[in-house]
Visitor: 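Shown below is the structure under consideration.
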Amino acid sequence: MSEWERVRLDEVIALDVDAVPVTATASYDIVGVLNRGRGLLFRDPIAGDETSYKTLNRIRPNQIVYSRLKAFEGAITVAPNDLGEAYASQEFPTFTCGERILPDYFRLLTTKKRLWEQLQALSTGMGGRRERVKPADFLTIEVALPSLSEQGRIVDVMAAVDAQIAALTEEIEAATRTLGVLRADVPEADEVPIASVVDGIDSGKSVQTKGEAPVQGKARVLKLSAVQLGHFDANEAKRLDDHSGYAQAHLVNDGDLLITRSNTPERVGYVAVAFDVPPDTYLPDLIWRIRPDESRCLATYLGHLLSAAEFRARIAASASGTSKSMQKINKKNFGALKVPVPEAITDQEAYVAKCDAMADALRVGNAELSHLRAFRSALLASLLNQEIEIPESYDALLEEVS
């Protein structure tokens with residue numbers, strides 16, 4: 001096992017702020033810092049005559065930057081090495097890495113909970129009164145530091161995993177676009193009100209829970225997030241210790257067509273068919289169950305059709321509410337929405353088959369991505385905790401294949 005040393009940040013990085021005077025006739029590309037080490041937040045440019053700031057901090061490639069006010073939330077990152085002109089307010093101090101630490105290695109540290117907790121400990125107070133983390137205090141943080149060569153190996157291995165994640169993400173995005181195209185290619189048919197092809201719409205029920213994660217083999221109630229855009233996630237649920245307030249009619253079963261009756265304007269009216277539903281899973285009040293007349297309209301057909309962009313827009317337009325952040329649909333307006341329903345069930349089945357094939361591929365891809373991200377998190381933790389060491393022979397192997 002190679003030797004790691006404990007160092008204070010002021011031993012390996014230095015405060016390096018480039019304060020640029022604001023010129024009224026100039027335009028400035030503004031950035032912030034996302035919490036939990038998720039990188040820079042790129043904001044709209046501002047004109048010099050539109051801001052009261054006399055100076056702005058220039059953010060340079062590979063510099064460490066954090067939000068003094070939001071540091072307790074883990075708002076720290078390392079700027080990309082290909083960053084162009086970017087600026088932030090004086091609330092975002094910048095630091096340059098010395099010869100003993102690689103910027104890419106420190107970028108990995110910014111994604112770990114340990115550093116966020118250290119920043120939180122330096123930021124006292126509560127809520128809006130929370131004090132800012134001063135650069136001098138930030139530099140007192142201690143980190144474990146391997147040799148430069150081992151830092152490079154860790155960075156290289158994690159970059160390889162990140163490349164796999166990026167490639168898989170691109171595949172999933174392409175599959176999502178393809179599924180959207182397939183859903184939009186609806187069969188030609190007369191449009192009829194939804195109410196004319198359904199036997200009823202069942203309401204859920206609201207009960208108090210502690211919001212805890214569900215336990216295998218125990219009762220649970222779905223969260224609103226269980227119904228995504230044409231996709232059902234049974235894991236999005238809460239533990240239900242007392243289900244006496246629910247009736248048999250509130251149970252969710254495989255094949256149920258569910259719709260969110262209240263959500264943000266972008267997500268209200270999400271529709272999905274439930275599958276792999278654990279026993280004793282109950283329907284909350286913010287989700288309805290649609291019961292199609294299967295002799296006239298398949299639940300799976302409506303599930304894909306109502307997830308197509310055109311019909312998503314119709315559902316959203318029928319929603320109302322006093323709050324712009326939360327909208328609701330009602331059964332009357334929803335039932336009055338017109339959709340094309342082929343009389344031949346075989347035509348519906350053909351539409352469902354092509355959509356299902358892509359939806360299944362998408363589910364497999366998302367599951368693989370979830371596992372890959374969990375693997376990345378575990379691998380990085382093991383590397384930084386010195387539970388796994390990358391041998392020096394790794395460098396020789398890279399030289400041979402390069």
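Because the structure is predicted, anything quoted here is derived from the model rather than measured.
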Visitor: Using a strict threshold of under 4.0 Å (side-chain N to carboxylate O), is an ion pair present between R314 and E191?
Guide: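 Answer for the salt bridge query: yes.
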Visitor: Near Q164 CD, under 6.0 Å, is it more than 12 heavy atoms from other residues, nucleotides or ligands?
Guide: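 Count not over threshold, so no.
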Visitor: Using the rule side-chain contact (heavy atoms from CB on, under 4.5 Å), only one of N57, T51, T55 pairs with Y53; which is it?
Guide: T51
Visitor: Sub-3.5 Å donor-acceptor pair from the side chain of E150 to the main-chain atoms of W4, do we have one?
Guide: no
Visitor: Salt-bridge test for D241 and R239: reply yes if a basic N is under 4.0 Å from a carboxylate O, no otherwise.
Guide: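 Yes, D241 and R239 are salt-bridged.
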Visitor: Inspect the surroundings of CG in D49 and state if more than 12 heavy atoms from other residues, nucleotides or ligands are less than 6.0 Å away.
Guide: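 Yes, enclosed.
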Visitor: Ring centres of Y66 and F92 under 6.0 Å apart?
Guide: no
Visitor: So that I can tick it off, tell me whether R100 and E5 are bridged by a salt bridge, with the cut-off set at under 4.0 angstrom between side-chain N and carboxylate O.
Guide: yes
Visitor: Side-chain donor-acceptor pair under 3.5 Å between D356 and H304, yes or no?
Guide: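 Yes.
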Visitor: Counting neighbours of CZ on R114 that are heavy atoms of other residues, nucleotides or ligands and sit closer than 6.0 Å, is the number greater than 12?
Guide: no
Visitor: Any ion pair linking R68 and E91 (charged N to carboxylate O, less than 4.0 Å)?
Guide: yes
Visitor: Determine whether more than 12 heavy atoms belonging to other residues, nucleotides or ligands lie under 6.0 Å from atom CZ of R38.
Guide: yes
Visitor: Are R296 and D293 close enough for a salt bridge, meaning some N to O gap below 4.0 Å?
Guide: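 Looking at R296 and D293, the cut-off is not met.
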Visitor: Salt bridge or not between D280 and K218? Use side-chain N to carboxylate O under 4.0 Å.
Guide: no
Visitor: If I compare all heavy atoms of I101 with all of I13, which pair ends up nearest, and what's the gap?
Guide: CG2-CG2, 4.1 Å
Visitor: Without hydrogens or angle criteria, can the side chains of S318 and N333 be said to hold a donor-acceptor pair below 3.5 Å?
Guide: no
Visitor: Whether D256 and R289 form a salt bridge (side-chain N of Lys/Arg under 4.0 Å from carboxylate O of Asp/Glu) is what I want to check.
Guide: yes
Visitor: Counting neighbours of NZ on K331 that are heavy atoms of other residues, nucleotides or ligands and sit closer than 6.0 Å, is the number greater than 12?
Guide: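 Yes.
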Visitor: Would you call D29-R43 a salt bridge at under 4.0 Å N-O?
Guide: no
